[in-house]
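The structure appears right after this line, and notes come after that.
This one's a predicted model, so the numbers in the text were calculated from it and none came from an experiment.
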Amino acid sequence: MPFPYPILSADEAAALVQHGQTIGFSGFTAAGSAKAIPKAIADRAREEHRSGRPFQIGVLTGASTGTSLDGALAAAEAVRFRTPYQSDPLLRSQINAGKVRFVDMHLSAFPQNVRYGFLGPVHWAVIEVCDVTHGGGLVLTTSVGATPTFASKADKILIELNSAQPASLLGMHDIFEPKDPPARQEIPIFAAGDRIGSPILLVDPKKIAGVVLTRMPDETSAFSPPTPETTKIGEHVAEFLVGEMRAGRIPPTFLPLQSGVGDIANSVLAALGAHPDVPPFEMYTEVLQDSVVPLLESGRCTFASTCALTLSDTALARVNDHPEVFHDRILMRPQEITNHPEVVRRLGIVSMNTAIEVDLGGNVNSTHVVGRQMMNGIGGSGDFTRNAYLSIFSCPSTAKAGKISTIVPLCSHMDHSEHSVQIVVTEQGVADLRGRDPHERAQLVIDHCAHPAYRDQLRQYLRLVKEGHEPQSLSLAFAMHRKFLTDGDMRNIDWEAWR
């Protein structure tokens, strides 16, 4: 049977997109991100700009993407607004310069916000697949993200059929899109491995405007080798969870784990896998990183529900080359399912995420440097933190060669409040904040998490603000941040001078 959809070049596909339109691109991290068409749109934007015509688009994705999407469009100054999460350095600089509007939001809520129309119409969905059927069935590649919602809400669909991703990925996806109120029902996931949807994404074939044939690997990068700090953080987390199990607060069969993205997260998972007293465990998370692959192979991780395979080329090849090992142990779902508060609460998930800074009350800043400069976004950390059985945040105790303390009197931007954050971990130790009042929390954070170079000055701050339920001074709360902006160093502060 002949192929039923027009075969287009990437440039022909890009020519269909108009200035001012909004596009929902597949991808969750660089995994499964559309690649050929966004690069062609960037080239078209440059040509339009050279001709003196405006050309910018709204960009929706599941989360961050690769250089061929966010990077290429940012370099062409083709992005009008962006949501809900990004990690490209150039796009970040444009956001912080006010050149690109950026809306930061919880990833679990993003797809329904699209369906509700809060972000306006979606004109195009651009979706990477490894196979497509005549009846509009799409086999996605290494992520699901918000792709089902983009496909259902978009006026038209463009497909990138990527032969770099094997069709053997069929069966590793669980596509389920909840109905919206008042027709919404429960999400029937009671264990990490429960399948509730379809292995393929069904779309209206009449909406498919064309297919672009590609052969482009994901643009994910290998993680950095563990450092002494990240290794120690991982060991602290593993020991803490083993202690919780021995105390009877975690069952002997353990609880499902969620882990954020990055080098610290990789180190934490490696430490949990290596600890002899941690039993085989499941993961219910939004991304799988390299450290999980050997854990799945060895059986230390028995099952992993995820939104994306954010793996290096080497790790992804191991997954693709051994479907007999991984097909029964990995399931990729939409982000509103992997991150859904109902499921997170039901499964009793242990969430493990990273922070930019933590304050003495246990509030966490995970998005903005010195309160103003956006890094990436809140991502899914809030989805899990607010609903987890145990919520853990970790970070090194210092940054910039010790000139910045990540433990501060008050966070310069607050993403996760003291009401949701239970455990704080640095390479210095673990602060268990459960059941503690604000003054007790402050002392625990200083004693167990602050770097020795900053402990005395943080204790001095506490002595100055000993009155009140919250140990806080409106005039001194940001003195360490102000000193860094003035002197380039938070150390050796004279509190009286900064009143």
Item to check | Sole candidate of Ser394, Ser381, Ser259 that passes side-chain contact (heavy atoms from CB on, under 4.5 Å) when paired with Asn353 | outcome: Ser381

Checklist entry - Counting N and O atoms only, with roles assigned by atom type, does the side chain of His106 sit under 3.5 Å from a partner on the main chain of Ser108, one being a donor and the other an acceptor? => result no

Checklist entry - Using 30° and 60° as the class limits, which term best fits the ring planes of His416 and Phe393: parallel, tilted or perpendicular? => result tilted

Item to check | Expected output: side-chain Asp432 to main-chain Arg434 donor-acceptor under 3.5 Å | outcome: yes

Item to check | For the student: nearest non-hydrogen atoms of Tyr461 and Pro471, plus distance | outcome: CE2-O, 3.7 Å

Item to check | Working for side-chain contact (heavy atoms from CB on, under 4.5 Å), residues Gln443 and Arg436 | outcome: CA-CA 10 Å; Gln443 198 63 60; Arg436 305 291 186 169; over 6 Å; no

Item to check | Distance-minimising heavy-atom pair for Val292 and Cys301 | outcome: CG1-SG, 4.4 Å

Next on the checklist: Please determine whether salt bridge (Lys or Arg N to Asp or Glu O under 4.0 Å) holds for the pair Glu177 and Arg115, giving the CA-CA distance in whole Å, both sets of side-chain angles, and the decisive distance to 0.1 Å.
Outcome noted: CA-CA 11 Å; Glu177 188 174 20; Arg115 292 195 300 271; 3.2 Å; yes

Checklist entry - Would you say Ser412's side chain and Gly371's backbone share a donor-acceptor pair under 3.5 angstrom? => result yes

Checklist entry - So do Ile356 and His368 actually touch side chain to side chain, heavy atoms under 4.5 Å? => result no

Checklist entry - Backbone N or O of Glu427 within a donor-acceptor pair of the His236 side chain at under 3.5 Å? => result yes

Item to check | Gap separating the CG atom of Asp104 from the OG1 atom of Thr367, nearest 0.5 angstrom | outcome: 6.0 Å

Item to check | From CA spacing to verdict: side-chain hydrogen bond (donor to acceptor under 3.5 Å, both in side chains), Glu239, His275 | outcome: CA-CA 8 Å; Glu239 285 292 338; His275 199 292; 2.9 Å; yes

Next on the checklist: Strictly distance-based, threshold 3.5 Å: is any side-chain N or O of Asn387 a donor or acceptor partner for the main-chain N or O of Asp383?
Outcome noted: yes

Item to check | With sequence neighbours excluded, residues passing side chain to side chain donor-acceptor pair (under 3.5 Å) with His322 | outcome: Glu324

Item to check | Check: Phe254 and Pro280 side chains under 4.5 Å, non-hydrogen atoms | outcome: no

Next on the checklist: Hydrogens and angles aside, do Thr426 and Ser397 bring a side-chain donor and acceptor to less than 3.5 Å of each other?
Outcome noted: no

Next on the checklist: Between Gln335 (side chain only) and Ala146 (backbone N and O only), is there a donor and an acceptor less than 3.5 Å apart?
Outcome noted: yes

Checklist entry - Side chain of Asn266, backbone of Gln289: donor and acceptor closer than 3.5 Å? => result no

Next on the checklist: Walk me through whether Leu462 and Leu360 qualify under side-chain contact (heavy atoms from CB on, under 4.5 Å).
Outcome noted: CA-CA 9 Å; Leu462 276 189; Leu360 299 185; 4.1 Å; yes

Item to check | Donor-acceptor pair, side chain of Gln165 and main chain of Thr142, under 3.5 angstrom | outcome: no

Item to check | Minimal non-hydrogen separation, Cys130 against Thr141, with atom names | outcome: N-CG2, 3.6 Å

Item to check | Distance-only donor-acceptor check, side chains Arg455 and Gln460, under 3.5 Å | outcome: no

Checklist entry - Between His327 and Leu170, which heavy-atom pair has the shortest distance, and what is it? => result CE1-O, 3.4 Å

Checklist entry - Heavy atoms, side chains only, cut-off 4.5 Å: are Val370 and Arg372 in contact? => result no

Item to check | From CG (Asp174) to CD1 (Ile330), nearest 0.5 Å | outcome: 14.0 Å

Next on the checklist: So that I know where these two stand, are His481 and Phe478 an aromatic pair - ring centroids less than 6.0 Å apart?
Outcome noted: yes

Next on the checklist: Tell me if a side-chain donor or acceptor on Gln86 pairs with a main-chain N or O of Met375 at a distance below 3.5 Å.
Outcome noted: yes

Checklist entry - Side chains of Ser87 and Asn376: do they bring a donor and an acceptor to under 3.5 Å? => result no

Item to check | Gap between atom CG of Leu257 and atom CD of Glu282 - 0.5 Å precision | outcome: 9.5 Å

Item to check | CD1 on Ile407 to OH on Tyr454, rounded to 0.5 Å | outcome: 11.5 Å

Checklist entry - Any side-chain heavy atom of Pro409 sitting closer than 4.5 Å to one from Met480? => result yes

Checklist entry - Just checking, any donor-acceptor pair under 3.5 angstrom between side chains of Thr310 and Thr29? => result yes

Checklist entry - Stepwise, does the side-chain contact (heavy atoms from CB on, under 4.5 Å) test hold for Val59 with Thr83? => result CA-CA 7 Å; Val59 177; Thr83 191; over 6 Å; no

Next on the checklist: Quick check: do Thr147 and Leu140 have side-chain heavy atoms less than 4.5 Å from each other?
Outcome noted: yes

Checklist entry - Roughly how far apart are Ile264 CD1 and Ile233 CD1, rounded to 0.5 Å? => result 4.5 Å

Next on the checklist: Looking at every heavy atom in both Leu202 and Gly137, which two are closest together, and how far apart are they?
Outcome noted: CD2-CA, 4.0 Å

Checklist entry - Do Phe28 and Thr61 come within less than 4.5 Å of each other through their side chains, counting heavy atoms only? => result no

Item to check | Ion pair check, Glu219 and Lys35, cut-off under 4.0 Å | outcome: no

Checklist entry - To the nearest 0.5 Å, what is the distance between CD1 (Ile187) and CD (Glu342)? => result 5.0 Å

Checklist entry - Does Arg300 use its side chain to pair, donor to acceptor, with the backbone of Val278 at less than 3.5 Å? => result yes

Checklist outcome for this item: With Asn363 as partner, the option from His419, Met414, Arg441 fulfilling side-chain contact (heavy atoms from CB on, under 4.5 Å) is Met414

Checklist entry - Is there a side-chain contact between Arg249 and Tyr389 (heavy atoms, below 4.5 Å)? => result yes

Checklist entry - What residues, two or more places apart in sequence or in another chain, satisfy salt bridge (Lys or Arg N to Asp or Glu O under 4.0 Å) together with Asp194? => result none

Checklist entry - Between Glu160 and Val126, what is the shortest heavy-atom contact and its length? => result OE2-CG1, 4.2 Å

Next on the checklist: Checking Thr230 against Thr227: is there a side-chain donor and acceptor pair closer than 3.5 Å?
Outcome noted: yes

Next on the checklist: Checking Thr306 against Thr338 for the side-chain contact (heavy atoms from CB on, under 4.5 Å) test, could you report, in this order, the C-alpha distance in whole Å, the side-chain angles of both residues, the deciding distance, and whether it holds?
Outcome noted: CA-CA 6 Å; Thr306 186; Thr338 61; 5.7 Å; no

Checklist entry - So, do Val144 and Arg333 sit near enough that their side-chain heavy atoms are less than 4.5 Å apart? => result no

